[in-house]
Amino acid sequence: ELELFNGRVAPTFAWYRNLSSNQLVGIPMPGTTGFNSLTGNLNAVVENTGWEFTLRTQNIRTSDFSWSTSFNVSFPRNELVSFPNLEQSVYASQYVVGKSINTKKLYHLEGVDQETGVYKFTDVNQDGVLNDEDRTTLVDVGVKSFGGLQNTFNYKNWSFDFLFQFVVQKGYNALYGLPINGIMYNQPEALTDSWTPENTDAKYQRATTSNMDALQAYQRFQLSNAMISDASYIRLKNVNIKYRLPSNVFKNVNADVYLQAQNLFTITNYFG
């Protein structure tokens with residue numbers, strides 16, 4: 001922690017590292033038991049590390065006017081350090097030792113078969129069968145960085161401040177969790193680019209309610225890298241303007257009149 005130029009500039013730096021073991025988790029149970037999961041301990045070790053940086057500045061400071069800025073950014077990371085017998089556990093298709101616990105093991109979508117109109121996926125081991133062994137595309141959906149920028153202005157009895165918030169990460173897009181295209185359900189307009197005999201270069205497979213090949217392909221589609229998009233954004237989180245009534249209006253009472261707005265707009269490339 002530092003303060004420079006009589007407190008006009010104040011940066012802080014922090015680094016943290018935390019190891020946690022004997023994880024308390026919900027172990028999935030067969031539905032015939034009457035319970036979805038059983039609480040238990042796993043002898044897994046997870047490491048959380050990260051950098052945090054803040055900067056506070058007094059840009060202008062006079063008797064009538066002041067302007068200050070606050071900025072913060074964090075870079076969190078985590079890693080599954082160890083998980084004994086992971087491959088024999090119910091979490092074999094979910095976690096990878098040495099990777100973030102936010103990592104997803106996914107099929108790789110190759111596109112739509114122009115002849116059948118059904119999604120195609122990479123058969124990684126080329127054994128002619130698509131199963132969990134072919135879910136080798138790893139995508140980390142954890143937050144890479146996040147932070148904010150706030151500016152505050154004061155002029156006599158007036159004050160004005162605004163806060164921008166940002167997040168950098170990948171995440172599940174609007175297609176995740178939707179039922180297959182073709183049933184009575186409202187869906188994104190993008191799905192109108194579905195395969196038909198006249199539109200064989202479509203981005204999405206044929207619409208159906210009963211084609212078993214398409215239904216099975218859609219289940220894999222929900223477990224593929226097609227579900228992941230850039231989920232980063234910048235948002236104007238808060239805006240506040242305030243006026244402090246002069247002391248002669250209400251004696252011995254401080255009274256403020258203010259206008260506040262939240263989540264005014266968001267800038268993002270997120271699909272959905």
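What you see is a predicted model, and the numbers here were worked out from it, not measured in a lab.
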Enquirer: Taking the side chain from Asn199 and the backbone from Thr196, do they hold a donor-acceptor pair closer than 3.5 Å?
Expert: no
Enquirer: Compare all side-chain heavy atoms of Asn78 with those of Thr49 and state whether any distance is below 4.5 angstrom.
Expert: no
Enquirer: Is it true that Tyr258 and Tyr155 fall in one hydrophobic cluster, defined by side-chain heavy atoms closer than 4.5 Å?
Expert: no
Enquirer: Gln23 side chain to Ser20 main-chain N or O, any donor-acceptor pair under 3.5 Å?
Expert: yes
Enquirer: If you count the non-hydrogen atoms of other residues, nucleotides and ligands that lie under 6.0 Å from CD in Glu110, is the total more than 12?
Expert: yes
Enquirer: Taking only residues two or more places apart in sequence or in another chain, which ones pass ring pair (Phe, Tyr, Trp, His ring centres under 6.0 Å) with Tyr218?
Expert: Phe221
Enquirer: Flag yes if Leu223 and Ile228 sit in one hydrophobic cluster, no otherwise; membership is Ile, Leu, Val, Met, Phe, Trp, Tyr, and two members link when side-chain heavy atoms are under 4.5 Å apart.
Expert: yes
Enquirer: Would you please name every residue forming a ring pair (Phe, Tyr, Trp, His ring centres under 6.0 Å) with Tyr176, sequence neighbours left out?
Expert: Tyr172
Enquirer: Would the distance check show the side chain of Thr268 and the main-chain N or O of Ser232 forming a donor-acceptor pair, the cut-off being under 3.5 Å?
Expert: yes
Enquirer: What closest approach, in Å, do Ala174 and Tyr270 show between heavy atoms, and which atom pair accounts for it?
Expert: N-OH, 3.7 Å
Enquirer: Examine distances only and state if a side-chain atom of Arg135 and a backbone atom of Lys105 form a donor-acceptor pair shorter than 3.5 Å.
Expert: yes
Enquirer: Counting heavy atoms not belonging to Phe53, are there more than 12 under 6.0 Å from its CZ?
Expert: yes
Enquirer: For Asp113, enumerate each residue passing the salt bridge (Lys or Arg N to Asp or Glu O under 4.0 Å) test, keeping only those at least two apart in sequence or located in another chain.
Expert: none
Enquirer: Among Val96, Ile101, Thr103, find the residue that satisfies the side-chain contact (heavy atoms from CB on, under 4.5 Å) test when tested with Leu80.
Expert: Ile101
Enquirer: Is the backbone N or O of Glu189 less than 3.5 Å from a side-chain atom of Thr192, with the two atoms forming a donor-acceptor pair by type?
Expert: yes
Enquirer: Mind listing the closest non-hydrogen atom pair of Phe162 and Val239 along with its distance?
Expert: CB-CG2, 4.0 Å
Enquirer: If you look at every heavy atom in Leu130 and Arg220, which pair is closest and at what distance?
Expert: O-NH2, 3.4 Å
Enquirer: To the closest 0.5 Å, what do you measure between CE (Met227) and CG (Leu178)?
Expert: 8.0 Å
Enquirer: Minimum heavy-atom separation for Thr266 to Tyr233, with atom names?
Expert: CG2-CB, 3.8 Å
Enquirer: Could you tell me whether Arg56 and Glu3 have a side-chain N and a carboxylate O separated by less than 4.0 Å?
Expert: yes
Enquirer: Given 3.5 Å as the limit, does a donor-acceptor pair link the side chain of Ser100 with the main chain of Asn102, or not?
Expert: yes
Enquirer: Hey, is CD on Gln260 packed in by over 12 heavy atoms from elsewhere, all under 6.0 Å?
Expert: yes
Enquirer: Are there over 12 heavy-atom neighbours, none belonging to Lys120, within less than 6.0 Å of that residue's NZ?
Expert: yes
Enquirer: Checking the side chain of Gln222 only, and the main-chain atoms of Leu175 only, is there a donor and an acceptor separated by less than 3.5 Å?
Expert: yes
Enquirer: Residues two or more places apart in sequence or in another chain: which of them pass ring pair (Phe, Tyr, Trp, His ring centres under 6.0 Å) with Phe71?
Expert: none
Enquirer: Side-chain contact test, heavy atoms from C-beta onward, threshold under 4.5 Å: evaluate it for Thr62 versus Ile60 and give yes or no.
Expert: yes
Enquirer: Please tabulate, for side-chain N and O atoms in residues 35-47, each donor-acceptor pair with protein atoms closer than 3.5 Å (sequence neighbours left out).
Expert:
residue : atom : partner : partner atom : Å
Asn41   : ND2  : Asn22   : O            : 3.3
Glu47   : OE2  : Arg17   : NE           : 2.7
Glu47   : OE2  : Arg17   : NH2          : 3.3

Enquirer: Is it true that a side-chain atom of Asp230 and a backbone atom of Asn269 form a donor plus acceptor pair closer than 3.5 Å?
Expert: no
Enquirer: Would you find more than 12 non-hydrogen atoms of other residues, nucleotides or ligands less than 6.0 Å from Asn6 atom CG?
Expert: no
Enquirer: Output a table of donor-acceptor pairs, distance under 3.5 Å, between side-chain atoms of residues 136-154 and any protein atom two or more places apart or on a different chain; print 'none' if there are none.
Expert:
residue : atom : partner : partner atom : Å
Asp140  : OD1  : Gly142  : N            : 2.8
Asp140  : OD2  : Lys144  : NZ           : 3.2
Asn151  : OD1  : Trp67   : NE1          : 2.8
Asn151  : OD1  : Thr69   : OG1          : 2.6
Asn154  : ND2  : Ser66   : OG           : 3.4

Enquirer: Is Ser89 reaching over with its side chain to a backbone N or O of Tyr91, donor-acceptor style, under 3.5 angstrom?
Expert: yes
Enquirer: Answer yes or no: are there more than 12 heavy-atom neighbours, outside Asp256 itself, under 6.0 Å from its atom CG?
Expert: yes
Enquirer: Taking the side chain as everything from C-beta on, heavy atoms only, tell me whether Lys203 gets closer than 4.5 Å to Leu191.
Expert: no
